[in-house]
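Worksheet: one structure, shown below.
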Protein chains: 2
Amino acid sequence: MRKRAPKRRRRSATASAVVSSLLETAEAVETRLEAAVSPLGLSLAKLGVLHPLAEAREPLPLSELAQRQHCVRSNITQLVDRLEKDGLVRRRPDPQDRRGVLAALTPAGEQAYTKGMRALVEAQQAIVRTLSAGDAASLKSALNALTS
Amino acid sequence: MRKRAPKRRRRSATASAVVSSLLETAEAVETRLEAAVSPLGLSLAKLGVLHPLAEAREPLPLSELAQRQHCVRSNITQLVDRLEKDGLVRRRPDPQDRRGVLAALTPAGEQAYTKGMRALVEAQQAIVRTLSAGDAASLKSALNALTS
DNA sequence: TGGCGATAGTTCACGAATGAACGATTGGTG
DNA sequence: CACCAATCGTTCATTCGTGAACTATCGCCA
């Protein structure tokens with residue numbers, strides 16, 4: 001009947017496979033989302049900056065954007081540089097703090113945000129739709145376990 | 001008793017959450033793996049180039065590395081540049097094709113590979129270990145569903 | 001009040017990845 | 001054989017992300 005002693009090995013041999021699979025599908029998903037918003041001249045990174053700005057409905061300090069984005073301040077500097085070049089955001093001095101700089105959404109920025117968000121959500125739903133309800137639930141719980 | 005008509009909305013509201021969760025945990029996992037190999041002066045990208053070279057046990061053309069890595073040729077050019085600077089790989093002309101360039105593992109390269117691989121596998125196992133057997137299985141199947 | 005340590009944003013150099021353009025070489029096929 | 005399309009590797013410009021170093025300003029407290 002075979003299949004008694006080995007067992008032990010299974011785990012380790014599979015570990016790398018599961019992790020690789022996670023990384024690869026995440027990359028595939030990310031690429032797909034990126035493709036969904038790129039026709040609008042956007043990227044996930046840019047959308048990630050526009051998001052808190054649009055939600056707050058008021059200009060925010062760059063450091064706040066960095067915190068919400070879980071990234072380093074210098075990254076936001078550059079991202080905002082490009083967004084400004086795109087005309088989606090404008091920098092303006094913080095009246096409360098002369099060190100600070102606020103990022104303000106332009107009208108074009110708001111518009112780009114709503115369009116981009118629509119495209120993004122649609123793409124996300126398309127992806128989740130390929131999952132059975134059970135798969136979705138178990139995926140969610142497994143990811144939660146990983147994050148803890 | 002409530003809970004009859006709505007239902008519809010749930011799905012869409014959750015789609016973005018699941019996808020975001022996937023992307024975020026993947027990033028966290030990647031960061032962890034990166035941290036595991038970085039003390040050895042390696043990165044996942046570099047290890048990804050050393051891998052096929054070590055497995056093949058013979059020099060390989062750069063284009064082959066690009067294919068196996070699912071990336072663009074120019075990326076391999078630069079990666080091999082750095083690996084050469086690190087003394088882990090050496091470029092040599094392809095005797096069969098004068099357009100081609102072969103990447104050959106140096107002794108230091110082989111050593112770095114085995115050490116890096118050890119560290120990587122260990123980190124992967126540590127991550128998977130935080131998952132219950134059930135979670136691991138369901139994660140695997142859900143990821144499979146996503147990739148298809 | 002004066003001084004000083006945190007905080008804010010920028011700049012720079014780097015790693016990783018992409019895509020376009022380019023020069024060399026190779027392989028059919030006419 | 002001679003040409004032409006495909007392939008090979010590199011270079012360049014661009015995006016995105018990091019971390020270190022720097023300047024300006026803020027806020028506190030001795």
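The basis for the numbers below is simple: all heavy atoms, side chains too, and nothing from hydrogens, waters or symmetry mates. Below, read A as the first sequence line, B as the second, and so on, with proteins coming before strands; counting in each chain starts at 1.
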Closest non-hydrogen atom pair, A:P95 against A:L102:
CD-CD1, 4.1 Å
Under 3.5 Å, which donor-acceptor pairs link side chains of residues 37-48 of chain B to any protein atom two or more places apart or in another chain?
residue, atom, partner, partner atom, Å
B:S43, OG, B:K46, N, 3.1
B:K46, NZ, B:D86, OD2, 2.8

If I take atom CD in residue B:Q69 and atom P in nucleotide C:dA16, what distance separates them, rounded to the nearest angstrom?
12 Å
So, does B:T147 use its side chain to make a donor-acceptor pair with the main chain of A:T25 at under 3.5 Å?
no
Looking at A:G87, is its backbone amide N or carbonyl O close enough to the side chain of A:T106 to form a donor-acceptor pair, meaning the two atoms are under 3.5 Å apart?
yes
Minimum heavy-atom distance B:A142-A:L139, with the two atoms named
CB-CB, 3.8 Å
Which ones in residues 78-103 of chain B lie close to DNA chain D, meaning a heavy atom under 4.0 Å from one of its atoms?
B:R91, B:R99, B:G100, B:V101
Quick check against the 3.5 Å criterion: does B:S21 have a side-chain atom that pairs as donor or acceptor with the backbone of B:A17?
no
Which pair of non-hydrogen atoms, one from B:A103 and one from B:L53, has the smallest distance, and what is that distance?
O-CD1, 3.7 Å
Taking only heavy atoms on the protein side, list every residue of residues 42-50 of chain A lying under 4.0 Å from any atom of DNA chain C, sorted numerically.
none
All N/O donor-acceptor pairs, side-chain side in residues 54-68 of chain B, below 3.5 Å, sequence neighbours left out:
residue, atom, partner, partner atom, Å
B:E55, OE2, B:Y113, OH, 3.2
B:E64, OE2, B:R68, NH2, 2.7

Please state how far atom CG in A:L62 lies from atom C1' in C:dT7, giving the value in whole angstrom units.
13 Å
Is there a salt bridge (Lys or Arg N to Asp or Glu O under 4.0 Å) between B:E84 and B:R90 once you walk through the steps?
CA-CA 6 Å; B:E84 218 170 10; B:R90 245 180 45 209; over 6 Å; no
Looking at residues 23-30 of chain A, who's got a heavy atom less than 4.0 Å off DNA chain D?
none
A:T77 to A:R91 - nearest heavy-atom pair and separation:
O-NH2, 3.6 Å
Bounded by its outermost nucleotides with an atom under 4.0 Å from a heavy atom of chain A, the footprint on DNA chain D reads D:dT15 to D:dC26
Any N/O donor-acceptor pair, A:S63 side-chain to C:dG9 base, under 3.5 Å
no
For DNA chain D, whose closest nucleotide is more 5', that of B:T77 or that of A:V72?
B:T77
Between B:S138 and B:D135, which heavy-atom pair has the shortest distance, and what is it?
OG-O, 3.1 Å
For a quick test of reading the model, state the closest non-hydrogen atom pair linking B:A26 to A:L23 and the distance between them.
O-CD1, 3.7 Å
Measure CG/A:L65 against P/C:dG9 and give the value in whole Å, please.
9 Å
Beyond-backbone contact of A:V101 with A:V80, side-chain heavy atoms, under 4.5 angstrom
no
